[in-house]
Amino acid sequence: MPEMVDLMHKILAPLNRVQKNAVASEAKHLCVLAGAGSGKTRVIVHRIAWFLASGKASSANILAVTFTNKAANEMRERIAQLISLPTSNFWVGTFHGIAHRILRRHHVTLGLPDNFQIIDSDDQLRLIKRTIREIGIDEEACEPKKAQGFINKQKDEGRRPQDALPSAMPEIAMYNEVYRTYTNTCKRSGLVDFAEILLSAYELLRDHEDVRLAYQHQFSHILVDEFQDTNTIQYRWLQMLLGQNNAITIVGDDDQSIYGWRGAKVENIHRFSQEHPGTETVRLEQNYRSTQTILNAANHLIANNEARLGKELWTEHKKGEPITLYGAFNEMDEAKFIVERAKKWRDSGGSLSDVAILYRSNAQSRVLEQILRQSQLPYKIYGGLRFFDRAEIKDVLGYLRLLANMSDDPAFERVVNMPPRGVGERTVANLREVAKQQNISLWEAAKQTLPTMNAGRIRNGLQQFVSCIEEVSAEANTVALPKLVERLLQSSGLADHIKSQPGERTHIRVENVMEFIQAVGQYQKSFDAEQDKPAENSIKSLPAFLSEVALDAGEKESERGDQSCIKLMTLHSAKGLEFPLVFMAGLEDGLFPHHRNAEKQALLEEERRLCYVGMTRAMQKLYMTYAEKRAFAGLSGSNRPSRFINELPKNLIETVNLNVNISQPAMRSGMPSAKKKSNSVIEGLPYTLGQRVRHARFGEGVVVCGEGAGEAARLQIKFERVGPKWLALAYAKLEAV
DNA sequence: AACCATCGACTTTTT
DNA sequence: GTCGATGGTT
């Protein structure tokens, strides 16, 4: 008993007053509005521990749901750390992970094969393309990407093809037809996409009372992280688990809802307390991350949003440095400025791993990379292609999927001619025809068709493929996964193919495959440990491995090898992270807020939240930059500074123009036009940035930047014919144009 | 069937 | 300025 009291003390002691109220709340339901950097995860972890320590629930009664594997793992680890209990019987996981686990358990009830597999959005798109072709709709009229968006949206909203909303638009009917056919194909092939996981899990609970009651009985205490990001079906799914008696704790921040475009409904958190009588709402507003200056600016910005529950961050930290605003001449100049300041940070004792450069769209990283490389600063781009999405890895996975489930037609199509063995589009089309007529899989069709084919290159190739699969498949009974993968790579010729590809990427691809084999080995190990004995075959572990891979975003990759690297990522992928020094680049109207989201209020508010998220990543110092001219496909030409800049309190901002070595006083007026003028004057020189000049030898150009004064004054001119050149003003004969 | 050249599109992406 | 898809050529 004294241990219990000790434990309860240990749980509450490190918390502030509001956090304590949340953790120990006796209310039936709890809504924690957790501002950025306010100790959100800590509250959720401690509340779980509190339930356990106070005897309200045992670990098996708790369901904790997150959106990312990373968050789920972190939660699990921190619970284990706080209370010394094994966490293996906790239900902690992502929406998809938990729903998937339930699907596996009840696959019979759902009419799913026991070896059903998960397809990612890439596979989904391929399958949809094929479906469109199969139906025979004109691809011009039915863009696969749009069809994919439609289907996922339907599923996110809980609508099956037969539930289609009446619509006057003929294309809706067309998309729905694709949806219907696609659904059938998935069923036949034993495939489940991401949205399907959630929808099926919801329908299972909705339609089967016994199942529903069993889970309701089990999960007396439900906790949900990042609740502002839940979509319709996730909300309903939670509703099913909640029933009348269970208690739920939701944690989230409506000001950080930035995934509305993916179906997330901020309204879910807005209306939660109304729909759940007995809800206590707690606001975590003390921030442990940023300076008061940064928080004030962020508070001021987000106050412009109308639809919000309302929250104001504060901190006990110092005021800190002002936010530095830099209006660059162009994107090069912007990148140079950022790199310059990052260097300064390092030279004055900071670490480059503390530095993050955030941007609205991925394309912006290119210039930054270029300048970083030139400056020889180490950097790492986050959120690019995920490890398991690399082409060579997906090829190997395609083979494995086929081994796990011979009816997996998309997998068949991916690998039947990989490496090229003469089985082209024509041959596959024939197989598809056979498969369709007899309602069998492509694999079966291939085996059946083979003896009737004309001898030749095509038949040889297909025969090779079939033999390879059968051979390796037989071995799956006797060898473990890593060995199986190696055999597969050899037997299929994929290993040789990758090695023999010309180009500089070969080396990396080979390395990736090696790493994949290693990952497979690790997986087999942990699988064996769970089963309590080493498996002498891959049959059992393979489907589970594939599911794990499909539901793994590949976050592990970002963990390694990032010592003292500057981090580059989009604002979206920065959510949940923090950095001592943050640069937000490309704050231009059109880019950020993105022009497609600038008109409608709701969309603009989401852009503003994105800006808020970006700003609140910064711990010590925040830079915001924009380029007056940006060469950017589609959005070329000159841009105004982002309207968000004007929404920041002027007294928290210092405006700087690095290249001319002058610090400008804070903007006098918020008007971009006024600012533009004052900013482009080069102090002490008779030229302005962006001015056109003519040189006797180099021709016409534009003043890009300048430095020095008097005799030492130099200007950088970007010439149309010969590119940028630095010229000493004293010698170069320039004339204004 | 495989390769190459040309055209055009282009936000964000937890699973 | 780059990636991907498409169409024509070998």
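In this structure, Arg609(A) pairs ionically with Glu606(A), as a charged nitrogen and a carboxylate oxygen lie closer than 4.0 Å.
Both thresholds, 5.5 Å between centres and 30° between ring planes, are not jointly met by His572(A) relative to the base of dT12(B), so the two rings are not stacked.
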Sort me out a list of protein N/O and nucleotides 1-7 of chain B N/O pairs below 3.5 Å, or just none if empty.
unit_1, atom_1, unit_2, atom_2, d
dA1(B), OP1, Glu425(A), N, 3.2
dA1(B), OP1, Arg426(A), N, 3.2
dA1(B), OP2, Thr427(A), OG1, 3.4
dA2(B), OP1, Gly422(A), N, 3.4
dA2(B), OP2, Asn417(A), ND2, 3.1

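Using a 4.0 Å heavy-atom cutoff across all strands shown, Asn362(A) reaches sugar-phosphate atoms only and no base atom. Tyr259(A) comes within 4.0 angstrom of a base, heavy atoms only.
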Just distance, no hydrogens or angles: give the donor-acceptor pairs under 3.5 Å from side chains in residues 424-433 of chain A, sequence neighbours left out.
unit_1, atom_1, unit_2, atom_2, d
Arg432(A), NE, Glu413(A), OE2, 3.2
Arg432(A), NH2, Glu413(A), OE1, 3.2
Glu433(A), OE2, Gln437(A), NE2, 3.3

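For the OP1/OP2 pair of dT14(B) and a distance below 4.0 Å, the side-chain nitrogens and oxygens of Ser573(A) include no atom meeting the criterion. At dT14(B), none of the side-chain N or O atoms of Thr66(A) fall inside 4.0 Å of OP1 or OP2 (strictly under the cut-off). Between Arg596(A) and dT11(B) there is a side-chain polar atom (N or O) within less than 4.0 angstrom of OP1 or OP2.
The salt bridge (Lys or Arg N to Asp or Glu O under 4.0 Å) check on Arg421(A) picks up nothing, with sequence neighbours excluded. Not counting sequence neighbours, the partners of Phe465(A) by the ring pair (Phe, Tyr, Trp, His ring centres under 6.0 Å) test are Phe412(A). Applying the side-chain hydrogen bond (donor to acceptor under 3.5 Å, both in side chains) criterion to Glu196(A), with sequence neighbours excluded, gives Lys155(A), Arg160(A), Ser200(A). For Glu647(A), the salt bridge (Lys or Arg N to Asp or Glu O under 4.0 Å) criterion is met by Arg608(A), not counting sequence neighbours.
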